[in-house]
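Below, chain A is the first sequence line, B the second, and so on; all start at residue 1. Excluded from the calculations below are hydrogen atoms, water molecules and symmetry mates; all remaining heavy atoms, backbone and side chain alike, are included.
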Protein chains: 2
Amino acid sequence: MQIATWNVNSVRTRLGIVTDWLQRQPVDVLCLQETKVTDEQFPRSAFTDLGYEVYISGQKSYNGVALISRQPLTNVSVGFAGILGAEPVGDLDEQKRVISGQLGDVSIINLYVPNGSEVGSEKYHYKLRWLELLRQYLTAQSDKSLCVCGDFNIALEAIDIHTKKKDDHIMYSPIERAALKSAVLDLGLKDVFRHFVTEPGHYSWWDYRQGGYSRNRGWRIDHLYLSPELIDRATGCTIDKAPRELEQPSDHTPVIVEIEQPVLT
Amino acid sequence: MQIATWNVNSVRTRLGIVTDWLQRQPVDVLCLQETKVTDEQFPRSAFTDLGYEVYISGQKSYNGVALISRQPLTNVSVGFAGILGAEPVGDLDEQKRVISGQLGDVSIINLYVPNGSEVGSEKYHYKLRWLELLRQYLTAQSDKSLCVCGDFNIALEAIDIHTKKKDDHIMYSPIERAALKSAVLDLGLKDVFRHFVTEPGHYSWWDYRQGGYSRNRGWRIDHLYLSPELIDRATGCTIDKAPRELEQPSDHTPVIVEIEQPVLT
DNA sequence: GCGGCGAACG
DNA sequence: CGTTCGCCGC
């Protein structure tokens with residue numbers, strides 16, 4: 001089974017790029033972020049015409065997540081409140097950043113973590129509050145086979161950025177990195193790309209500005225985390241840079257994990 | 001000699017369409033309107049690379065006219081004030097709507113007449129004041145061989161619109177039609193398209209809205225007027241609808257007149 | 001319905 | 001740098 005995560009930066013603008021890619025890389029589940037479209041306006045048929053099921057949680061202009069799945073998913077849920085209830089969630093479900101569903105024994109949680117703008121800003125504190133709620137949300141998950149993926153807007157380690165960054169740089173500040181580790185790694189989930197690849201120089205996002213891609217000024221901020229039971233079934237994790245080289249690309253490129261079917265006992 | 005007029009609705013957005021057309025239809029002079037670009041930002045080289053000379057009068061966002069000529073033009077002039085002086089012109093040269101030049105014995109005046117918005121509006125009165133100044137401007141012209149062309153934003157007769165329009169419709173109100181006739185026809189200039197084609201159903205502009213083109217809901221508002229000396233040398237006038245059928249077209253399509261070289265005596 | 005622009009966001 | 005929006009103009 002293949003699961004991919006891709007921040008497409010507007011699913012409508014990127015529709016041709018995404019459907020072309022999906023035909024060449026017919027992954028089982030494609031997790032999209034930054035769809036930037038309401039549920040009513042989501043281009044469903046472009047995916048259903050390819051034989052995919054479409055599960056979405058979107059809004060106008062900003063954010064928005066989707067699960068595009070070859071097989072129907074079960075237990076599809078949107079936002080944090082479905083698991084946690086309304087009280088702890090407060091304003092953190094107003095932006096559409098969370099969708100989850102289950103394929104066979106595998107639970108997939110697709111996330112678009114807030115960017116945070118600048119360290120110390122109001123948006124930064126929203127990001128930290130959001131990550132703390134994510135920690136509670138993931139703690140409440142009981143599934144053994146869990147894949148938590150998406151655009152985390154955080155580089156875990158220095159090797160995940162093209163060049164040394166100051167500690168006060170958004171997406172690399174110690175506090176947000178600690179918050180992400182606390183929310184995900186401390187629960188036993190493993191960054192599957194680093195399970196297979198230890199060298200630096202592998203990125204999933206390059207700023208549109210100043211020729212970020214052509215100068216390979218990238219960041220690895222799109223991750224797939226697997227629970228211990230699932231990491232042992234993973235056979236590889238790759239970043240497909242090809243879509244970043246097309247005309248009018250997203251600034252992110254897809255990351256794909258391959259997971260073996262469970263051994264029948 | 002061929003002269004064409006074309007409101008391109010942004011020369012930058014339409015650059016490929018216009019240069020492709022110019023290579024297939026290598027007219028001697030192409031008169032553009034609604035270039036929507038400052039002189040500094042005009043895409044000169046796209047035309048000079050094809051061997052054309054470029055004469056422009058543009059502004060940011062709105063209006064803007066250009067003469068694209070295979071041979072260098074003489075006596076190039078911009079606005080009304082070059083001929084009339086500053087006093088009568090007032091605010092009517094603030095918008096870039098007039099450019100003229102001479103090719104051999106033929107003087108070409110390229111115009112973008114104000115749209116007028118709604119009958120009775122402030123913009124409508126600006127349009128009427130502008131047309132009165134145009135009348136003075138053309139009256140002051142002494143050239144025997146004169147071609148006055150452009151987007152006039154006025155249909156001369158009922159047959160120039162796809163369907164009967166109320167008298168209070170902008171681009172067809174009696175007052176603006178009379179103002180145009182007074183400014184142009186009453187000076188002896190002839191609408192060369194009507195010199196050759198008398199049937200209705202020939203248009204140069206179709207609203208983008210409500211499938212105006214596919215339903216052929218057009219207007220003939222782009223004209224070429226020739227002085228008596230020149231009308232006798234005209235051999236044809238055609239509307240080329242092909243560019244209106246391309247992807248991302250202008251709402252206007254080019255009108256071309258063919259003029260014989262003068263008989264050498 | 002499509003141009004342009006400026007502002008917000010990333 | 002590229003997306004979205006709202007606004008203006010036609």
Side-chain angles (χ1 to χ4, degrees), chain A residues 7-15 17 33-38 41 58-64 95 97 112-118 121-124 126-127 151-154 169-171 205-215 217 219 221-222 244 246-252, chain B residues 7-15 17 33-38 41 58-64 95-97 112-119 121-124 126-127 151-154 169-171 205-215 217 219 221-222 244 246-252:
Chain A
N7 178 322
V8 289
N9 189 13
S10 171
V11 71
R12 284 180 293 183
T13 299
R14 226 66 64 201
L15 193 55
I17 286 181
Q33 303 90 37
E34 280 208 89
T35 54
K36 293 188 174 179
V37 67
T38 60
Q41 308 221 72
Q59 64 184 93
K60 205 207 281 209
S61 303
Y62 303 114
N63 313 307
Q95 302 175 7
R97 298 176 175 277
Y112 175 48
V113 177
N115 170 279
S117 189
E118 284 182 35
S121 68
E122 195 169 326
K123 289 187 166 66
Y124 181 73
Y126 185 91
K127 183 179 193 172
D151 174 2
F152 289 82
N153 268 317
I154 295 170
H169 196 295
I170 194 66
M171 302 195 293
W205 173 77
W206 299 260
D207 200 313
Y208 284 125
R209 287 164 280 196
Q210 291 139 221
Y213 184 73
S214 59
R215 304 208 265 181
R217 298 189 170 185
W219 294 58
I221 58 178
D222 301 276
R244 182 64 240 239
L246 302 174
E247 295 289 298
Q248 285 211 332
S250 169
D251 43 353
H252 297 251
Chain B
N7 178 321
V8 289
N9 189 12
S10 171
V11 70
R12 285 181 291 184
T13 299
R14 225 67 63 203
L15 193 56
I17 286 181
Q33 303 91 37
E34 280 208 89
T35 55
K36 292 188 173 179
V37 67
T38 60
Q41 307 221 73
Q59 64 183 92
K60 204 207 280 207
S61 304
Y62 304 113
N63 312 309
Q95 303 175 7
K96 304 306 183 191
R97 297 176 175 277
Y112 175 47
V113 177
N115 170 279
S117 189
E118 284 182 34
V119 171
S121 68
E122 196 169 326
K123 289 187 167 66
Y124 181 73
Y126 185 91
K127 181 178 194 173
D151 174 3
F152 289 82
N153 268 316
I154 294 171
H169 196 295
I170 194 66
M171 302 195 294
W205 173 79
W206 298 260
D207 199 313
Y208 285 126
R209 287 164 280 193
Q210 292 142 221
Y213 184 74
S214 59
R215 305 208 265 180
R217 298 190 170 187
W219 293 60
I221 59 177
D222 300 277
R244 181 63 240 239
L246 301 173
E247 294 290 297
Q248 287 210 330
S250 168
D251 42 354
H252 297 250

Subject >> Side-chain donor/acceptor of A/Arg14 to backbone N/O of A/Gln248, under 3.5 Å >> reply: yes
Subject >> Distance, rounded to the nearest Å, where B/Asn7 contributes CG and D/dG9 contributes P >> reply: 17 Å
Subject >> Closest approach of B/Val37 to B/Val11 (non-hydrogen atoms, all atoms of both residues) >> reply: CG1-CG1, 3.8 Å
Original post:
Does OP1 or OP2 of D/dC10 have a side-chain N or O of B/Lys127 closer than 4.0 Å?
Top reply: no
Subject >> B/Glu118 CD - D/dC8 P separation (whole Å) >> reply: 14 Å
**OP:** Side chain of A/Gln248 only, please: which of C/dG10, C/dA8, D/dT3 is the nearest?
**Re:** D/dT3
Subject >> N/O donor-acceptor pair under 3.5 Å between A/Asn153 side chain and A/Val113 backbone >> reply: yes
Original post:
Would you say A/Ser61 reaches D/dT3's phosphate, i.e. side-chain N/O to OP1/OP2 under 4.0 Å?
Top reply: no
Subject >> Nucleotide D/dT3, atom P - distance to NE2 of A/His252 in whole Å >> reply: 13 Å
Subject >> Atom-to-atom span, CZ of B/Arg244 to P of C/dC2 - whole angstrom >> reply: 8 Å
**OP:** Report yes if a side-chain nitrogen or oxygen of B/Thr13 is closer than 4.0 Å to either non-bridging phosphate oxygen (OP1 or OP2) of C/dG4; otherwise report no.
**Re:** yes
Original post:
Taking A/Tyr112 for the side chain and A/Gly64 for the main chain, is one N or O donor matched with an acceptor at less than 3.5 Å?
Top reply: no
Original post:
Atom CD of B/Gln41 to atom C1' of C/dG4: distance rounded to whole Å?
Top reply: 12 Å
Original post:
Within the distance-only criterion (no hydrogens, no angle test), does the side chain of A/Ser10 pair as donor or acceptor with the backbone N or O of A/Lys36 below 3.5 angstrom?
Top reply: no
**OP:** Using atom OH of A/Tyr112 as one end and atom P of C/dC9 as the other, report the distance to the nearest whole Å.
**Re:** 12 Å
Subject >> Residue mapping more 5' on DNA chain D - nearest nucleotide basis, A/Lys36 or B/Asn115 >> reply: A/Lys36
Original post:
Reckon A/Ser10 has a side-chain N or O less than 4.0 Å from the OP1 or OP2 of D/dT4?
Top reply: yes
Original post:
Closer than 4.0 Å, any side-chain N/O of B/Arg14 to the OP1 or OP2 of C/dG4?
Top reply: no
Original post:
CD of B/Gln210 versus C1' of C/dC2: gap in Å, rounded?
Top reply: 13 Å
Original post:
Just to confirm, is there a sub-4.0 Å distance from OP1 or OP2 of D/dC10 to any side-chain nitrogen or oxygen of B/Arg209?
Top reply: no
**OP:** Please state how far atom CD in B/Gln95 lies from atom P in D/dG9, giving the value in whole angstrom units.
**Re:** 10 Å
**OP:** Indicate whether OP1 or OP2 belonging to C/dA8 is found under 4.0 Å from a side-chain N or O atom of A/Lys60.
**Re:** no
Original post:
Of all the nucleotides listed (D/dC10, D/dT3, D/dG2), which has the minimum atom distance to the side chain of B/Asn153?
Top reply: D/dC10
